[in-house]
Amino acid sequence: MAEILVVAEHDNAKLDKATLHGVTAAAALGTVTLLVAGEGAAAVAEAAAKVAGVAKVVHVDDAAYAEPVAENLASLVVAMADGYDGFVVGASTFGKNLMPRVAALLDLAQISDIVEVVGPKSFKRYIYAGNALATVETRDAKLALTVRTTAFPAAATEGGSASVETVQAVAPSDLVKFLGREVSASERPELTSARVVVSGGRGMGSGENFVIVEALADQLGAAVGASRAAVDAGYVPNDYQVGQTGKIVAPELYVAVGISGAIQHLAGMKDSKVIVAINKDEEAPIFQVADYGLVGDLFTIVPQLTEALKASKAAS
Amino acid sequence: MKILVPVKRVVDYNVTVRVKADGSGVETANVKMSMNPFDEIANEEAIRLKEKGAASEVVAVTIGEAKAQETLRTAMAMGADRALHVETQARTDTELQPLAVAKLLQALVEREQPDLVIMGKQAIDDDSNQTGQMLAALLGWPQATFASKIELVEGGLEVTREVDAGLEKLWVKLPAIVTVDLRLNEPRYASLPNIMKAKKKPIDKLTPEELGVDTAPRLTYVKVEEPPKRQAGVKVADVPALLDKLKSEAGVI
Ligand SMILES: Cc1cc2nc3c(=O)[nH]c(=O)nc-3n(C[C@H](O)[C@H](O)[C@H](O)COP(=O)(O)OP(=O)(O)OC[C@H]3O[C@@H](n4cnc5c(N)ncnc54)[C@H](O)[C@@H]3O)c2cc1C
């Protein structure tokens with residue numbers, strides 16, 4: 001059985017969901033060890049040990065890992081690498097930043113953003129903004145993978161009983177320093193794991209107008225996303241961007257409001273179960289992927305939809 | 001400060017690519033090619049640093065077939081001073097892979113000794129998002145990926161990065177690798193006089209062999225196929241009709 005090391009993403013308090021999807025992909029390849037490197041992250045290590053499908057947790061507690069600095073985490077993974085046949089991480093910005101550094105240090109080719117495990121060395125992944133699906137096989141002795149989180153179910157957070165082992169930190173790099181973060185605070189569900197997503201595009205016209213989308217999202221218990229055009233125009237922060245070069249989402253319901261449906265946007269949402277498009281241009285390409293299309297002015301339709309949902313809730 | 005900017009020739013982002021019927025890859029013959037959009041942003045940033053007096057020279061580099069020189073001309077028309085072309089016949093979307101590209105760039109960095117490499121966070125053909133991080137690893141340099149702002153400070157850079165939760169800020173010591181995201185800047189269009197001037201700027205030609213790098217692929221593209229197609233759905237007349245469909249047909253609310 002292959003030994004697979006999954007690098008856990010966390011904030012020293014909570015395990016990130018991307019990791020749970022990574023564990024599922026890794027479990028299809030071999031025995032899973034979860035690496036929790038952090039500072040004061042004992043609670044994360046404990047939670048990691050309970051994740052179904054995790055055989056072992058390696059916990060490293062050191063100031064070097066207080067923040068997710070790729071240089072330090074990569075050195076740690078490389079120091080542990082001998083015992084493992086593969087290295088896996090979720091294809092979040094954390095994973096995308098880290099895994100190629102690990103792969104190059106170990107002289108391994110990486111396979112990014114896998115959507116299917118075909119065999120022990122063989123995987124499916126999208127290329128060309130989702131226009132083509134490639135089956136890729138590595139000739140290297142070990143695997144270096146990032147995992148598209150929407151393509152693998154999350155491992156259960158209960159049911160596992162992994163052993164927890166602690167190992168020594170590796171001396172941190174003095175070439176890099178973490179200075180801080182600006183987190184977009186929100187009460188809403190997280191975009192990549194929400195059951196419903198409502199996204200606004202350039203058609204919103206301004207950041208203020210996004211209140212229309214937010215009101216609809218409130219009624220649906222949805223996360224709010226956006227097209228690149230809406231982010232570039234400064235209507236919403238960068239972490240709202242759905243698409244080829246932003247976040248990949250696959251909710252039960254995706255509502256695209258004032259979004260034309262460029263291939264780069266579709267790449268991030270076309271695996272949604274049900275897609276609704278609201279657009280005043282009946283020729284907009286978004287209608288080619290939408291299950292339900294409503295042609296008209298979003299400034300009329302979206303508030304109507306919000307009110308109708310409110311009314312139907314009150315009635316039931 | 002000398003800046004190296006790797007640029008890749010890719011199928012233009014506006015082209016609807018077609019998968020070849022034999023499953024061997026994507027059709028690139030007679031298709032409009034352009035500089036990878038992220039690399040335009042990287043090149044623009046390097047040129048702005050030079051215009052501000054913070055950089056002394058901007059060197060563009062590409063790896064690819066003979067025609068990839070067009071991409072170098074574009075980079076120089078935007079304002080890069082000179083260029084390096086590592087010529088290979090390998091398909092750059094599938095056969096020449098990120099680790100090999102990182103090794104070629106490592107060899108070029110060792111020759112050119114830049115203080116900073118600015119490059120795109122991903123190429124829009126293979127969508128790998130690996131090369132910058134790999135180059136940083138091979139050189140033992142720090143990396144600041146997905147940059148939306150770069151500030152020069154004593155001894156290094158302060159870089160704002162676009163991450164899933166919002167923004168992060170890092171300090172990296174120079175020399176360093178920066179990979180750029182969409183919000184860093186808006187690249188300029190090259191003016192006609194600058195396009196003419198770029199024709200006279202020098203391009204040095206090299207080969208992977210001269211650089212001593214083995215570029216044999218480690219990954220085999222077993223098959224490239226059309227992704228499953230979504231069925232187009234229906235247009236509904238109004239909001240009540242939509243709600244009805246979502247409740248009774250789709251069952252999602
Ligand atoms: C390298 C690169 C990477 C990219 N990555 C991404 C990515 O990750 N994600 C992404 O989304 N894009 C990405 N793009 C951009 C993409 O190509 C499109 O430009 C972008 O998705 C367009 O956004 P939009 O649909 O909001 O705007 P537009 O294409 O301008 O569409 C606006 C739509 O709103 C409709 N509209 C306007 N007013 C109203 C109204 N009052 N009522 C109803 N409808 C209205 C219009 O009919 C139109 O269809 C990328 C591009 C490049 C080059």
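These numbers were taken from a predicted model, which means no experiment stands behind them. Every chain is numbered from 1 and lettered A, B, ... according to where its sequence line falls, protein lines coming before strand lines.
Heavy-atom pairs under 4.5 Å with chain A peak, among B/T220, B/V222, B/V224, at B/T220. Most heavy-atom pairs under 4.5 Å with chain A: of the set B/D164, B/T145, B/L167, B/V172, this distinction falls to B/D164. Of the residues considered (B/K103, B/M134, B/K173), B/M134 shows the highest number of contacts with chain A, using heavy-atom pairs under 4.5 Å. Your options are B/G25, B/G233, B/A241, B/A176, and the one with the most heavy-atom pairs under 4.5 Å with chain A is B/G233. Most heavy-atom pairs under 4.5 Å with chain A, from the set B/E168, B/K235, B/Q130: that is B/Q130.
Taking both residues in full, the closest heavy atoms of B/A136 and A/R101 are given as CB-NH1, 3.3 Å, listed atom of the first, atom of the second, then distance. A/D239 and A/S184 get closest at one heavy-atom pair: OD1-OG, 2.9 Å. A/N238 approaches B/G166 most closely through the heavy-atom pair ND2-O, 3.2 Å. Between B/V86 and B/L211, the shortest heavy-atom distance links the atoms CG2-CD1, 3.9 Å.
A donor-acceptor contact closer than 3.5 angstrom is absent between the side chains of B/S148 and B/R161. Remark: the B/T131 side chain and the B/Q133 side chain contain no N/O donor-acceptor pair separated by less than 3.5 Å. In this structure, a donor-acceptor pair under 3.5 Å is present between the side chains of A/K313 and A/Q219. Between B/Q122 and B/D126, the side chains place no donor N or O within less than 3.5 Å of an acceptor N or O (distance only, hydrogens not considered). Under the 3.5 Å distance criterion, with hydrogens and angles disregarded, no donor-acceptor pair is assigned to the side chains of A/Q244 and A/Y126. Between the side chains of A/T135 and A/E137, no donor N or O sits under 3.5 Å from an acceptor N or O.
Of the two parts of A/E71, only the side chain, counted from C-beta on, holds a non-hydrogen atom closer than 4.5 Å to a non-hydrogen atom of chain B. Using a 4.5 Å cut-off between heavy atoms, A/S92 contacts chain B through both its backbone and its side chain. Looking at B/F146, the atoms closer than 4.5 Å to chain A (heavy atoms on both sides) all sit in the side chain, from C-beta outward. Looking at B/D238, only its backbone comes within 4.5 Å of chain A, counting heavy atoms on both sides. For B/Y13, the parts lying near chain A are the backbone and the side chain together; criterion is any non-hydrogen pair under 4.5 Å. For a residue to count as touching a neighbouring chain, one of its non-hydrogen atoms must lie under 4.5 Å from one of that chain's; by this rule B/V19 touches chain A with the side chain only. Only the side chain of A/Q264 comes within less than 4.5 Å of a heavy atom of chain B; its backbone N, CA, C and O stay farther away. Looking at A/V196, there are no atoms closer than 4.5 Å to chain B (heavy atoms on both sides), in backbone or side chain. Of the two parts of A/R195, only the side chain, counted from C-beta on, holds a non-hydrogen atom closer than 4.5 Å to a non-hydrogen atom of chain B. Of the atoms belonging to A/F287, heavy atoms from both backbone and side chain fall under 4.5 Å from chain B. With a threshold of 4.5 angstrom between heavy atoms, B/A237 approaches chain A through N, CA, C or O but not through any side-chain atom. With a 4.5 angstrom heavy-atom cutoff, B/L99 touches chain A only via side-chain atoms. If you measure heavy-atom distances from A/D174 to chain B, the contacts under 4.5 Å come from the backbone alone. Residue contact with chain A, scored on non-hydrogen atoms closer than 4.5 Å, involves the backbone and the side chain of B/A250 alike. Residue A/A290 touches chain B through its backbone alone, counting heavy-atom pairs closer than 4.5 Å. The part of B/K121 that comes within reach of chain A is its side chain, from C-beta onward, which places non-hydrogen atoms under 4.5 angstrom from that chain. For chain B, the nearby part of A/L108 is the backbone; its heavy atoms alone come within less than 4.5 Å. Contact annotation for B/L170: both backbone and side-chain heavy atoms come within less than 4.5 Å of a heavy atom of chain A. Using a 4.5 Å cut-off between heavy atoms, B/I124 touches chain A through backbone and side chain atoms alike. Interface remark: A/K247 contributes side-chain atoms only to the contact with chain B (heavy atom separation under 4.5 Å). If you measure heavy-atom distances from A/Q241 to chain B, the contacts under 4.5 Å come from the side chain alone.
The one candidate from A/N279, A/T306, A/V295, A/L294 that meets the side chain to side chain contact (heavy atoms under 4.5 Å, CB included) condition with A/I301 is A/L294.
Enclosure of atom NZ in A/K14 is not indicated, since only 12 or fewer non-hydrogen atoms of other residues, nucleotides or ligands lie within 6.0 angstrom. Around NZ of B/K149, the count of heavy atoms belonging to other residues, nucleotides or ligands within 6.0 Å does not exceed 12. Heavy atoms of other residues, nucleotides or ligands lying less than 6.0 angstrom from CD of A/E182 number 12 at most. Crowding of B/Q231 atom CD: a count of heavy atoms from other residues, nucleotides or ligands under 6.0 Å not exceeding 12.
A heavy-atom distance below 4.5 Å is not found between the side chains of B/R18 and B/V26. Residues A/K124 and B/E225 form a side-chain contact, since some pair of their non-hydrogen atoms from C-beta on lies under 4.5 Å apart.
With salt bridges taken as basic N to acidic carboxylate O contacts below 4.0 Å, none links A/D291 and B/K245.
For residues 179-188 of chain B, heavy-atom neighbours of chain A at less than 4.5 Å comprise B/L182, B/R183, sorted by residue number.
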